[in-house]
Enquirer: 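Got a structure here, written out as structure tokens. Questions coming.
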Amino acid sequence: MDEVVQPFEADVGRVLEIVINSLYKERAIFLRELISNASDACDKLRYESLSKPELLGADPKLEIRILADPGANLLTVVDDGIGMDKDELAANLGTIARSGTARFVQELTGDRAKDLKLIGQFGVGFYSVFMVADKVVVRSTRAGQSRGWVWASDGKSGFTIKEDDQPLPRGTAVTLHLKEDAKEFLDAARIREIVRTYSDHVAFPIILEAKPRPGDTKTKAHEPQQINSASALWARPRSEITEEQYREFYHHVGHTFDEPFARVHFTAEGTLSYTALLFVPSHRPFDLYDPKRRHGVRLYVRRVFITDQLEELLPRYLRFVSGVVDSEDLQLNVSRETLQHGVVVQKMRKQLTKRILDELARKAAEAGEGGSVPTGEGEARPNGEAKPEEQKSKGPSYLEWWAELGPVLKEGLFEDAENRAKLLELARFKSTRGPGWVSLAEYVGRMRPGQDAILYVTGESAEALRSSPQLEAALAKGCEVLLLDDPVDEFWVPEVREYEGKKFVSLTKGEVDLSRIPDEGKIETPDELWDDSFKKLLAKMKSLLGEEVKDVRPSKRLRESAVCLVADEQGLDFRLERFLKQHHQLDRLSKPILEVNGRHELVRRMAAMAADPAMEQDLAELTRLLLDQARIVQGEPIPDPGAFSRRMSAFLAKGLPAAA
Ligand code: ADP
Ligand code: MG
């Protein structure tokens, strides 16, 4: 038989190396991963056998066996599940087929604490066996086929596959040749403990057959013994389920091992009967923005696994949720296509969504308002730092959780009009008030007398937004401004429009009238100090700039800065336009409006220049300079940086004493 070693896919090697080094302390999880795969394989076979009963053949029993042989130093996990044919072995155990793997690998740093968190979001799966084994042999026979295959690997160079001359009747056997320092995993008591901790929720019987150690004459070979309770966790009474069991179940369904942030477990009775056990993760799944990402909720019908591909079961903005929904009403042989558009699923979706949002609201209320938790502004990844071990077990606060998963929940604000009000209450924002988060209720509660709108600006980073010129008048009047720096903000605000009767008003778009709000502490300077010369200046600037701007007009939002750009009232806000253009949904950007601050010293002098024909040239140069300056502040590219730089130097030179 040919023994050509096929190399692992490039990413696999890297993942293996990191997993082995980072997870050393938690290496007992390899057994959980093997049992989890065995359980999935039994689930899949049970589903397929609904339409093809012949797949189960003469042996309908589905169970998982663990064989420990200390004499030969071998640990084997066997299942009678669906099995894998030759191609499936190569594809499933030679690549990391999960979506977003490339990004996952890129983000690995080699720093144990950081990588551990990432691995927690990724789920290591089968490859974790190489933490404890220096050789792994997988024998598998696909249900319904007679040929079986043997896959073998040392976890380094690659793997081999050859035909099995004594194929299993059906299913998969994974045999580990344990490393010298991993012999503890042959010990019956240790195996029992691990299974009880990590895999008790598995709904199939797990049978342990342990041989005594060589030379141990006192212990007889153990009778095969079932070591789990083998009842579906979600179907047990809540009071009998421990936090640990919930957590381990979450790890199993979510393919992760972080802490769940929130959980809902309920049984619906009435027009629809089903049990749901759903989890919200603490951390952002690494592939959250991968278009292929789906929620991780599995549908069962009366304890029989049906599918984990039922997209309709939850709205897309809840794609971080994982868990189980077990229906009492659906037909066992229902097809996925029928389900997808059926009334039952639509109703469940509605109820599940409500339950999850209510639980999040409860977590938010429990945390109280108080935005003292830093927003992580300026960091590339909020909460990127690993916390000390003891703090970690407490899980994140609501605000920390919001920093991780809030942006995706905000997608619901425009996708799910029905739950909009709830989502608005859950949302937290960065604002000019300080480094913490604020809720809309808090914002509205401290609006200034005369203020009737929720003021906001959008942009790439809250930090840069804080110093936007467009905020100047609002800040001088003591108004708080929301700093919206998630791309999704461009989409929901125009859709949502208002909260509690207060309109959302962008400070970078259209006319903004703050005149009814008094200045804070200072004596109000009238906004209308535009005289004739100022009006003439604006007209001149407009004719000089021609097609580059839509209009040049006096500004009510500036205080310290001379100029700024704003978007047209009728048009789209700046960032949304740029975003749409990048995604080829818009041919070109519309022209901005240049707003000019009539109180600014520079502008006053320019108004004087406008009356003097001799100054025409200088005025033209200055006007261009100001437009470019406004573009820079806005984060827009300037069309001719060379010309900008020459003009700037020329004017600076004029302001300095002449050279000797
Ligand atoms: P995951 O379980 O998250 O998909 P794993 O790395 O644990 O990732 O397993 C990779 C794939 O290998 C599984 O999706 C499955 O298709 C296949 N596989 C692993 N173990 C078994 C098994 N015992 N029986 C059938 N297929 C298996
Ligand atoms: Mg797995």
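Atoms within a ligand are numbered from 1 in the order they appear, just like the ligands themselves. Note that the structure is a prediction, hence the values are computed from the model and not measured.
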Enquirer: Check Lys410 with Glu415, please: is the shortest side-chain N to carboxylate O separation under 4.0 Å?
Expert: no
Enquirer: Purely on distance, is any nitrogen or oxygen of Phe126 under 3.5 Å from one on ligand 1?
Expert: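 Yes, since at least one N or O of Phe126 sits under 3.5 Å from an N or O of ligand 1.
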Enquirer: So, are Asp200 and Arg236 salt-bridged, with charged N and O less than 4.0 Å apart?
Expert: yes
Enquirer: Between Thr307 and Arg298, does any side-chain donor sit less than 3.5 Å from a side-chain acceptor?
Expert: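 No, because no side-chain N or O of Thr307 sits under 3.5 Å from a partner of the opposite role on Arg298.
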Enquirer: Could you check Phe249, Trp234, Tyr250 and say which one makes a side chain to side chain contact (heavy atoms under 4.5 Å, CB included) with His201?
Expert: Phe249
Enquirer: For atom 19 (C) of ligand 1, which of Val174, Leu34, Ile64, Asn37 has the closest heavy atom?
Expert: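 Of the listed residues, Asn37 has the closest heavy atom.
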Enquirer: Regarding ligand 1, does Asn92 bring an N or O atom to under 3.5 Å of one of the ligand's N or O atoms?
Expert: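 Indeed, backbone or side chain, Asn92 has an N or O that close.
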Enquirer: Within a distance under 4.0 Å of any heavy atom of Leu93, pick out the atoms of ligand 1 and give their elements.
Expert: 12 (O)
Enquirer: What part of Met84, side chain from CB on, backbone N/CA/C/O, both or neither, has a heavy atom under 4.0 Å from ligand 1?
Expert: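 Side chain only.
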Enquirer: Taking the six-membered ring for Trp, are Phe126 and Trp151 ring centroids under 6.0 Å apart?
Expert: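 Under 6.0 Å, so yes.
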Enquirer: Using a strict 4.0 Å threshold on nitrogen-to-oxygen distance, state whether Glu328 and Arg303 make a salt bridge.
Expert: yes
Enquirer: Output yes when the distance from some N or O of ligand 1 to some N or O of Asp79 is under 3.5 Å, and no in every other case.
Expert: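 Yes, Asp79 has an N/O under 3.5 Å of an N/O on ligand 1.
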Enquirer: Is Lys44 close enough and on-axis enough to Phe305, meaning under 6.0 Å and within 45°, for cation-pi?
Expert: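 Relative to the ring axis of Phe305, which defines the angle, Lys44 lies outside at least one limit.
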Enquirer: Pick whichever of Ser39, Ala41, Ala91 has a heavy atom sitting closest to atom 24 (N) of ligand 1.
Expert: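 It is Ala41 that holds the nearest heavy atom.
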Enquirer: Just which atoms of ligand 1 are under 4.0 Å from any heavy atom in His255?
Expert: 1 (P), 2 (O), 3 (O)
Enquirer: So, Asn37 and the Mg ion (ligand 2): N/O/S under 2.8 Å, yes or no?
Expert: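 Asn37 does place an N, O or S atom closer than 2.8 Å to the Mg ion (ligand 2).
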Enquirer: Using a 4.0 Å cut-off to any heavy atom of Gly125, which atoms of ligand 1 qualify?
Expert: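 Those qualifying, in numeric order: 5 (P), 6 (O), 7 (O).
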